[in-house]
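Since we're looking at a predicted model, the values are computed, not measured.
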Amino acid sequence: MKVEQIMKRPVNTCNPRDTLNTAAKIMWDHDCGCVPVVEDGRLVGMLTDRDICMAAYTQGAPLTGLEVWKAMSNVVHVCRPRDSLAEAEQLMQTRCIRRLPVVDSEDRLVGLLSLSDIALEGARERSGKAKRQISADEVARTLGTICEPRESTSLATAA
């Protein structure tokens, strides 16, 4: 199975200069926990709901006063539409990430693959609505690996 077969599209995005309040509204309106950050059509970062919370806490400012670029992750792991689902899951496991932006050869965002997409496709297959290509063991292994506690790091606190 290829990533493009189950990835979400279109994807709601934000710009690095948008406020965190704008990004939070996108997440609220579209019931999602992350927003890819796009500038000039290219993926430049990812922003999660946790990133927003931690930025507000550590910077001690309201969401309307903080820009996305101050909170986003600019190290983004991606996959391609024609990558196999197994390759994408391996990347998720290795990098402990729940969502992978899907980009074309020019790094333009074309979709988003989440662990939820994989799990829902597996459930759809088990219900007999699709050919079985995703095993429950695969989904459990990916989720278990992603959820492994990370090494403790010290975090800056708000002044």
Quiz prompt | Which residues share a side chain to side chain contact (heavy atoms under 4.5 Å, CB included) with Ser105, sequence neighbours left out | solution = none

Self-check item: Verdict with supporting geometry, Val102 and Glu4, side-chain contact (heavy atoms from CB on, under 4.5 Å)
Solution: CA-CA 8 Å; Val102 184; Glu4 66 190 351; over 6 Å; no

Quiz item: Sequence neighbours excluded, which residues qualify as side chain to side chain donor-acceptor pair (under 3.5 Å) partners of Asn12?
Solution: His30

Quiz item: If two hydrophobic side chains count as joined below 4.5 Å and joins carry through other members, does Leu109 share a cluster with Leu100?
Solution: no

Quiz item: For the atom pair CZ (Arg42) and CG (Asp104), what is the distance rounded to the nearest 0.5 Å?
Solution: 8.0 Å

Self-check item: Distance (rounded to the nearest 0.5 Å) between Asp117 CG and Gln5 CD
Solution: 13.0 Å

Quiz prompt | Same apolar cluster: Val103 and Val3, side chain cutoff 4.5 Å | solution = no

Quiz item: Under the salt bridge (charged side-chain N to carboxylate O under 4.0 Å, His left out) test, which residues partner Arg17, sequence neighbours left out?
Solution: Glu67

Quiz prompt | side-chain contact (heavy atoms from CB on, under 4.5 Å) assessment of Asn21 paired with Thr64 | solution = CA-CA 5 Å; Asn21 192 69; Thr64 54; 3.8 Å; yes

Practice problem: Go through the structure and list residues passing salt bridge (charged side-chain N to carboxylate O under 4.0 Å, His left out) with Arg108, not counting sequence neighbours. | Solution: Glu106

Self-check item: Test side chain to side chain contact (heavy atoms under 4.5 Å, CB included) applied to Thr94 - qualifying residues, sequence neighbours left out
Solution: Gln90

Quiz prompt | Contact check, side chains of Met27 and Val35, non-hydrogen atoms, under 4.5 Å | solution = yes

Self-check item: Pairing residues for Val68 by the side chain to side chain contact (heavy atoms under 4.5 Å, CB included) criterion, not counting sequence neighbours
Solution: Cys14, Asp18, Leu20, Ala23, Val37, Leu47, Met72

Quiz item: Hey, are the side chains of Leu112 and Cys34 touching, using non-hydrogen atoms and a 4.5 Å cut-off?
Solution: yes

Quiz item: Mind checking what makes salt bridge (charged side-chain N to carboxylate O under 4.0 Å, His left out) contact with Asp51, not counting sequence neighbours?
Solution: none

Quiz item: Can you check whether Met46 reaches Pro101 side chain to side chain, under 4.5 Å on heavy atoms?
Solution: yes

Exercise. Examine distances only and state if a side-chain atom of Arg99 and a backbone atom of Pro36 form a donor-acceptor pair shorter than 3.5 Å.
Key: no

Exercise. May I ask whether Met1 and Val110 are part of the same hydrophobic cluster, defined by side-chain heavy atoms of I, L, V, M, F, W, Y residues being less than 4.5 angstrom apart, directly or through others?
Key: yes

Exercise. List for me each residue that meets side chain to side chain donor-acceptor pair (under 3.5 Å) alongside Thr22, sequence neighbours excluded, and say none if there are none.
Key: Thr19

Quiz item: Is there side-chain contact between Ile118 and Met92, with heavy atoms separated by less than 4.5 Å?
Solution: yes

Quiz item: Honestly curious: do Leu43 and Leu91 fall in one hydrophobic cluster under the side-chain, below-4.5 Å linking rule?
Solution: no

Self-check item: By side chain to side chain contact (heavy atoms under 4.5 Å, CB included) - contacts of Ser116 (at least two apart)
Solution: Ser114

Quiz item: In chain order, what residues pass the salt bridge (charged side-chain N to carboxylate O under 4.0 Å, His left out) check against Lys25, with sequence neighbours excluded?
Solution: Asp29

Quiz item: For the hydrophobic clusters of this structure (ILVMFWY residues joined by side-chain heavy atoms under 4.5 Å, transitively), does one cluster hold both Met54 and Leu66?
Solution: no

